*Asks:* 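Once you've had a glance at the structure underneath, I'll fire off some questions.
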Amino acid sequence: MRDECIGQPRCWYILGLILFISYIPATTAKPPNIVFILTDDQDYTLGSQNAIKKITNLIGSQGIIFNNMFVSSPLCCPSRSSIFSGKYVHNHMAANNSVDGNCSSYAWQQTEEPRAFPVYLKNQGYRTFFSGKYLNLYGFPQVGGPQHVPPGWDWWVGLVGNSRYYNYDLSVNGTRESHGNDYKNDYLTDVIHRRGMEFLNQQSADGDPFFMMLSTPACHEPFTPAPQYADNFTGMVAPRGGSYNKHGDEGKHWLVRQAITPMPNDTVILVDDIFRNRWRTLLSVDDMVEEVYNTVKAKNMIDNTYFIFSSDNGFHLGQFSMPYDKRQLYEFDVRVPLMISGPGIKPGQVSSAPVMNIDLGPTFVELSGQSVPSQMDGVSMVPILMSDSSTDVVTRENFLVEHYGEHLVDNPGCPQLHNQGMMVCHSHCECQDSWNNTYSCLRVIGQGKNYKYCQLEDLLNFVEVYDLDKDPHEFDNIVNTTDQQLIAILKQELFDLSRCSGVACKSPPLNI
Ligand SMILES: *[C@@H]1O[C@H](CO)[C@@H](O)[C@H](O)[C@H]1NC(C)=O
Ligand SMILES: *[C@@H]1O[C@H](CO)[C@@H](O)[C@H](O)[C@H]1NC(C)=O
Ligand SMILES: *[C@@H]1O[C@H](CO)[C@@H](O)[C@H](O)[C@H]1NC(C)=O
Ligand SMILES: *[C@@H]1O[C@H](CO)[C@@H](O)[C@H](O)[C@H]1NC(C)=O
Ligand SMILES: *[C@@H]1O[C@H](CO)[C@@H](O)[C@H](O)[C@H]1NC(C)=O
Ligand SMILES: *[C@@H]1O[C@H](CO)[C@@H](O)[C@H](O)[C@H]1NC(C)=O
Ligand SMILES: *[C@@H]1O[C@H](CO)[C@@H](O)[C@H](O)[C@H]1NC(C)=O
């Protein structure tokens, strides 16, 4: 049946249903524990998984390594808001990293937080623990300060603001705790690690099920490694293949074409330095996961514990000559690692099923033994996890990536812009975002289909379309050169998904 099912919408749903039904009996026992590790800005396409060998051995090799994991937006706060709410950006309304863009805003606290996935786990009797970065503006005075503890969490260690390694404040169960710059006491990844261990040491195989989320600053800016890892990976440089140091030609929208090609030598040196430091920061995450995993094992809980490892968005280092950032519509920014292991998951698998950050919440809720809340746009990955042959199970083919271009009014602006962009400066300044880098993209991955169709909201209504099978590095915009009927179908599907919510976001495969 499986072979016949590929690409057949109806039988594809039936297959999911059968797997779902066959899974139910296993959950009538005590719900499983879940450990969710979320890194910050960790790429998939630049090979950062090679830095985390322990995690790959303990989680990836013991379960499934996904190679088609995407985020709903290549920016921290919108993507994280999607993870918690299970919704696309146009439905959770956290458009950017600012309070007035709904990042951790009162509107978010009132509308989305009360039905985010932690609340469902709590209601199911889980003991819930959070440690690390939540949403970029969390804990700021204008959104309630560190006293605000999001509902659903029993034990809360939330970073105030955006990722840092030293000199930051935490909210510990609603009380501010300030940290300085002493490695032993303050290095944030290690603090998250130690607090996680405190929680874990209180859990037991015959106690309540637990959910713990460890949300590290690694490998986000300012890329500060622990001292013992400051010299690892010396001699490595950012990957040179694909679009590295290549010019974004007339097939690319305005912002991409601003990049200087070839990159100045000091930019090349800086980018390589950032590459190494990103990997170095991840070594502390590797240590954390190793101890957590071994402790779960030592406490005889490994047979009832899922481990999920992922990131909030990807990253680029020199692609199309853009120095370093995310926020772009290309694969390097919208793909992230995902590895999952746990009871019922056959080890040693690699899955190419297209999955997303909005699927994490539905997956956690279903693993806890409940059905997926109807307001969530994502699809549970449980049918993929429970299959003996996860590569054959596909839960969707069509999905959406949305970004609202950022522009800071108190920013001097990109070289040519006046208060209309965001920039990155080293020896010179370059635009990294602008109001007209606002876009929505349809991504289609299925048997014989591998497309991206992006609509920019700029002065030209620019469109970028790629056939990723033929052109994996997205050099060749085919909007005007390919079959216009294909373009029309992709455009219509993008229009529909951009307005979808809940079940309507689970659209059937396209006939293309
Ligand atoms: C913020 O969220 C509220 C409530 O969902 C919504 O009405 C408002 O339009 C959002 N603001 C932005 C800038 O998206
Ligand atoms: C935070 O609150 C939880 C639940 O009440 C409690 O178990 C834990 O000890 C508290 N943590 C700290 C550091 O106070
Ligand atoms: C980091 O560098 C140290 C010192 O050279 C070495 O012992 C260690 O194995 C390295 N760790 C990794 C993960 O490469
Ligand atoms: C495609 O054609 C339209 C209409 O002629 C034009 O405005 C646009 O720039 C073209 N796009 C590309 C990538 O060539
Ligand atoms: C930049 O680096 C290239 C390659 O290493 C070298 O050939 C070139 O001379 C350098 N340019 C400057 C201005 O230093
Ligand atoms: C975020 O979105 C809001 C609402 O559209 C806007 O007012 C604000 O300027 C945006 N922030 C940035 C940094 O672009
Ligand atoms: C993008 O915005 C910049 C700054 O406003 C402007 O100079 C440029 O023409 C815009 N390009 C497009 C295609 O909208």
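As the structure is a computational prediction, the values presented were derived from the model and not from experiment. When a ligand or atom number is given, it counts from 1 through the structure's own listing order.
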*Asks:* List for me each residue that meets ring-ring contact (aromatic ring centres under 6.0 Å, His included) alongside His90, sequence neighbours excluded, and say none if there are none.
*Replies:*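 Listed in chain order: Tyr88.
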
*Asks:* Between Leu283 and ligand 3, which residue portion shows a heavy-atom distance shorter than 4.0 Å: side chain, backbone, both, or neither?
*Replies:*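 Only the side chain of Leu283 comes within reach of ligand 3.
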
*Asks:* Using a 3.5 Å cut-off on N or O atoms only, is Leu460 in polar contact with ligand 7?
*Replies:* no

*Asks:* Under a 4.0 Å heavy-atom limit, does Asn436 contact ligand 7 with its side chain, its backbone, both, or neither?
*Replies:*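 Just the side chain.
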
*Asks:* Got a salt bridge between Asp496 and Arg499, using NZ or NE/NH1/NH2 to carboxylate O under 4.0 Å?
*Replies:* no

*Asks:* In terms of side-chain geometry, is the basic nitrogen of Glu474 or Lys252 positioned less than 4.0 Å from the acidic oxygen of its partner?
*Replies:*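 Between Lys252 and Glu474 there is no salt bridge, as every charged N stays at least 4.0 Å from the carboxylate O atoms.
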
*Asks:* Please give the N or O to N or O pairs under 3.5 Å between ligand 6 and the protein, distances rounded to 0.1 Å.
*Replies:*
| residue | atom | partner | partner atom | Å |
| --- | --- | --- | --- | --- |
| ligand 6 | 2 (O) | Asn96 | ND2 | 2.4 |
| ligand 6 | 11 (N) | Asn96 | ND2 | 2.9 |
| ligand 6 | 11 (N) | Ser98 | OG | 3.0 |
| ligand 6 | 14 (O) | His407 | N | 2.9 |
| ligand 6 | 14 (O) | His407 | O | 3.3 |

*Asks:* For residues Thr481 and Asn477, report the shortest heavy-atom separation together with the two atoms involved.
*Replies:*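 Taking every non-hydrogen atom into account, OG1-O, 4.3 Å.
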
*Asks:* Which atoms of ligand 7 have any heavy atom of Asp458 under 4.0 Å away?
*Replies:* 12 (C), 13 (C), 14 (O)

*Asks:* Considering only NZ, NE, NH1 and NH2 on the basic side and carboxylate oxygens on the acidic side, decide whether Asp333 and Arg327 come within less than 4.0 Å.
*Replies:* no

*Asks:* What residues, two or more places apart in sequence or in another chain, satisfy side-chain hydrogen bond (donor to acceptor under 3.5 Å, both in side chains) together with Asp186?
*Replies:*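 Only His179 meet the side-chain hydrogen bond (donor to acceptor under 3.5 Å, both in side chains) criterion with Asp186.
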
*Asks:* Do NZ/NE/NH1/NH2 and the carboxylate oxygens of Lys87 and Asp377 come within less than 4.0 Å?
*Replies:* no

*Asks:* Keeping to residues at least two apart or across chains, list the ring pair (Phe, Tyr, Trp, His ring centres under 6.0 Å) pairs with something in residues 34-76.
*Replies:* Phe36-Phe364, Phe70-Phe399

*Asks:* Does ligand 3 come near enough to Tyr229 that some N or O of the ligand is less than 3.5 Å from an N or O of the residue?
*Replies:* no

